[in-house]
Amino acid sequence: REGAKELRYEIREIVKKAQQIKEKIETLENYQSKSTVVSTTIDDVDVFSISSDDKMAFVNYLKVNKGVITQTQTIELRKKLDESDEELLLFAISDFRAKFESTAKEIIVPFEIELSSNERIKFIVPKLGDKKNLLDLSLKNTLFYKKSRLDQYEKLNPEVRTERLLTQMQKDLRLNQLPVHIECFDNSNFQGDYPVSAIVVFKNGRPSKKDYRHFNVKTVQGPNDFATMEEAVFRRYKRLIEENESLPQLVVIDGGKGQLSAAMNSLKKLGIEKNLTVIGIAKRLEEIYYPGDSVPLYIDKKSESLRIIQQLRDEAHRFAITSHRAKRAKGITKSLLDQIDGIGAIRKRALLNHFGSARSVESASFDEIKSVEGVEEKVAKKIYNFFHE
């Protein structure tokens, strides 16, 4: 028993030690280039970079002495009204140099700065070479720190992330209002049979699955994707209007110009084409099309706006495929059993409840079919012969 206790203790210590090592590795991976040899030609310089938004500014400082980065730190500054990046950077430069007692006569900065009070200090905005590499490294540190702080803040305040994402989408897609409510349409069929159109809904940047809908196409015969899209869009927004429901700010059509034009036809019939923004997304190059524009919009592949649109499109496609498969399976089941004389709705339901599908009925033996309640021997023989003759 004592040995077991010691073993458990040793295992806990090993796990604890492993966790400590893991944390040290992560710290090293995120470490901001301190005590790194960068150039044998650079002696004593300070390097500063800045990145700001409407509310905050982030400034990074690198101290380079005899070609080695000996100090680095990033701070955040809360901006006051109409405070420029130059003013904030000058404040940070003064603060950092006093804190680290720097006497460097050369300061590398990202833009021109005037400091008339001390002509001995020389500000440099490098365009290439080792000094430009140092400035790029400093900016990389700034952006890394800014992102980590933003991620931490958004984790504690999810609504802030939502507002930022929607604001970015509004900017990227040139919308008149925040896309709080987005809907996306996609079609699915099998060689024109069992056509289904599906709609998925995102609210505040997240799927709202209770609002997903699928439409069994009623007016279209054969494989006509444009007509299918036109019917689905018309039925969706006709119903929202009749029920006094709010319209989405953004509608995404999975497809190019043809599907987009079809959707616009329906919105014009309903008289709401100016009440919402409609875009089409082409699959091959992730091109964004607007009604009437021959030239597509290309959003940065790394943009969160494009990722949300892709998520919408993929979710709509998944939901359409799922609905289509269910409809096709139901259609196949119906067509197979309905072809057998003497199999009415009651017997068909009994067979499906017992076997689960028409395919299982097909592979069942005569005795298994005969064992189903309500299926007489004569009928069982007819069913068995239908599948095996």
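For the single chain, residues carry numbers from 1 onward in sequence order.
- A 4.5 Å side-chain heavy-atom check between Leu150 and Lys146 finds every atom pair outside the cut-off.
- Rounding to the nearest 0.5 Å places CZ of Phe226 at 10.5 Å from CG of Leu260.
- Applying the side-chain hydrogen bond (donor to acceptor under 3.5 Å, both in side chains) test to residues at least two apart or on different chains, the pairs with a partner in residues 368-378 are Arg347-Glu376, Ser365-Glu368.
- The heavy-atom pair separating Phe355 from Ala364 by the smallest distance is CE2-CB, 3.5 Å.
- Annotation: salt bridge (Lys or Arg N to Asp or Glu O under 4.0 Å) contacts of Asp151 (sequence neighbours excluded): Lys147.
- For residues 247-262, the side-chain hydrogen bond (donor to acceptor under 3.5 Å, both in side chains) pairs, not counting sequence neighbours, are Asp225-Gln259, Asp254-Lys283.
- Partners of Lys238 under the salt bridge (Lys or Arg N to Asp or Glu O under 4.0 Å) rule, at least two apart in sequence or in another chain, are Glu242.
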*asked:* Does Glu106 form a side-chain contact (heavy atoms from CB on, under 4.5 Å) with Asp43? I'd like the steps, not just the answer.
replied: CA-CA 10 Å; Glu106 192 174 299; Asp43 183 17; over 6 Å; no
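- Side-chain contact between Glu304 and Ile308: absent, with no pair of heavy atoms (C-beta onward) separated by less than 4.5 Å.
- Inter-residue side-chain proximity for Phe144 and Asn60 is flagged as unmet; no heavy-atom pair is nearer than 4.5 Å.
- Atom CD of Glu163 is surrounded by 12 or fewer heavy atoms from other residues, nucleotides or ligands within 6.0 Å.
- Judged by distance alone, the side chain of Thr72 and the main-chain N or O of Tyr61 form a donor-acceptor pair under 3.5 Å.
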*Would you please test Thr74 and Asn141 for side chain to side chain donor-acceptor pair (under 3.5 Å) and show each step?*
CA-CA 8 Å; Thr74 306; Asn141 287 346; 5.8 Å; no
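- Connection of Ile69 to Leu139 is not established within any shared hydrophobic cluster, with ILVMFWY side chains joined at heavy-atom distances below 4.5 Å, either directly or through further cluster members.
- Membership of the apolar cluster around Leu166 extends to Leu178, Val180, as traced through chained side-chain contacts below 4.5 Å between ILVMFWY residues.
- When side chains are defined from C-beta on, Asn265 does not count as touching Phe234, because their heavy atoms never get closer than 4.5 Å.
- For Ser360, the side-chain hydrogen bond (donor to acceptor under 3.5 Å, both in side chains) partners at least two apart in sequence or on another chain are Ser357.
- Lys105 contributes a side-chain N or O that, together with a main-chain N or O of Thr103, makes up a donor-acceptor pair within less than 3.5 Å.
- With hydrogens and angles left out, the side-chain atoms of Thr162 and Asn204 include no donor and acceptor closer than 3.5 Å.
- Atom NE2 of His317 has 12 or fewer neighbouring heavy atoms from other residues, nucleotides or ligands inside a 6.0 Å radius.
- Listed by chain and residue number, nothing satisfies the ring pair (Phe, Tyr, Trp, His ring centres under 6.0 Å) test with Phe111 (two or more places apart in sequence, or in another chain).
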_Evaluate Phe58 against Leu143 for side-chain contact (heavy atoms from CB on, under 4.5 Å), listing each step before the verdict._
CA-CA 8 Å; Phe58 300 84; Leu143 297 176; over 6 Å; no
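- Closest of all the heavy-atom pairs between Pro179 and Met169 is CG-CB, 3.9 Å.
- Partners of Phe91 under the ring pair (Phe, Tyr, Trp, His ring centres under 6.0 Å) rule, at least two apart in sequence or in another chain, do not exist in this structure.
- Met56 is listed as a side-chain neighbour of Asp53, based on a closest heavy-atom distance under 4.5 Å.
- Leu250 contributes atom CG, which lies 6.5 Å from atom CG of Leu173 (distance to the nearest 0.5 angstrom).
- In this structure, Asp95 and Val59 have side chains that are not in contact, with every pair of non-hydrogen atoms separated by 4.5 Å or more.
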Could you pull out every donor-acceptor pair under 3.5 Å between side chains of residues 273-281 and any protein atom, sequence neighbours left out?
none

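- In this structure, a donor-acceptor pair under 3.5 Å is present between the side chains of Gln168 and Asp172.
- Within the structure, every pair that satisfies the ring pair (Phe, Tyr, Trp, His ring centres under 6.0 Å) test and touches residues 155-186, not counting sequence neighbours, is listed here: Phe185-Tyr237.
- Of the possible polar contacts, one joining the Arg97 side chain to the Ala104 backbone as a donor-acceptor pair under 3.5 Å is found.
- Ser102 and Asp46 share a side-chain donor-acceptor pair at under 3.5 Å.
- Side-chain contact between Lys127 and Val125 is present, with heavy atoms from C-beta onward closer than 4.5 Å.
- At most 12 heavy atoms of other shown residues, nucleotides or ligands fall within 6.0 angstrom of atom CG in Asn176.
- Side-chain atoms of Phe123 and Glu112, non-hydrogen and from C-beta on, never get closer than 4.5 Å to each other.
- Within the 3.5 Å criterion, the main-chain N or O of Lys302 finds a donor-acceptor partner in the side chain of Arg307.
- In terms of modelled atom types and a separation under 3.5 Å, the side chain of Thr142 and the main chain of Ser51 share no donor-acceptor contact.
- By the rule that hydrophobic residues join a cluster once side-chain heavy atoms approach within less than 4.5 Å of another member, Ile124 and Leu134 end up as members of separate clusters.
- In this view, Glu86 satisfies the salt bridge (Lys or Arg N to Asp or Glu O under 4.0 Å) rule with no residue, not counting sequence neighbours.
- Remark: Asp314 does not engage Arg318 in a salt bridge, criterion side-chain N to carboxylate O under 4.0 Å.
- Partners of Arg206 by side-chain contact (heavy atoms from CB on, under 4.5 Å), not counting sequence neighbours: none found.
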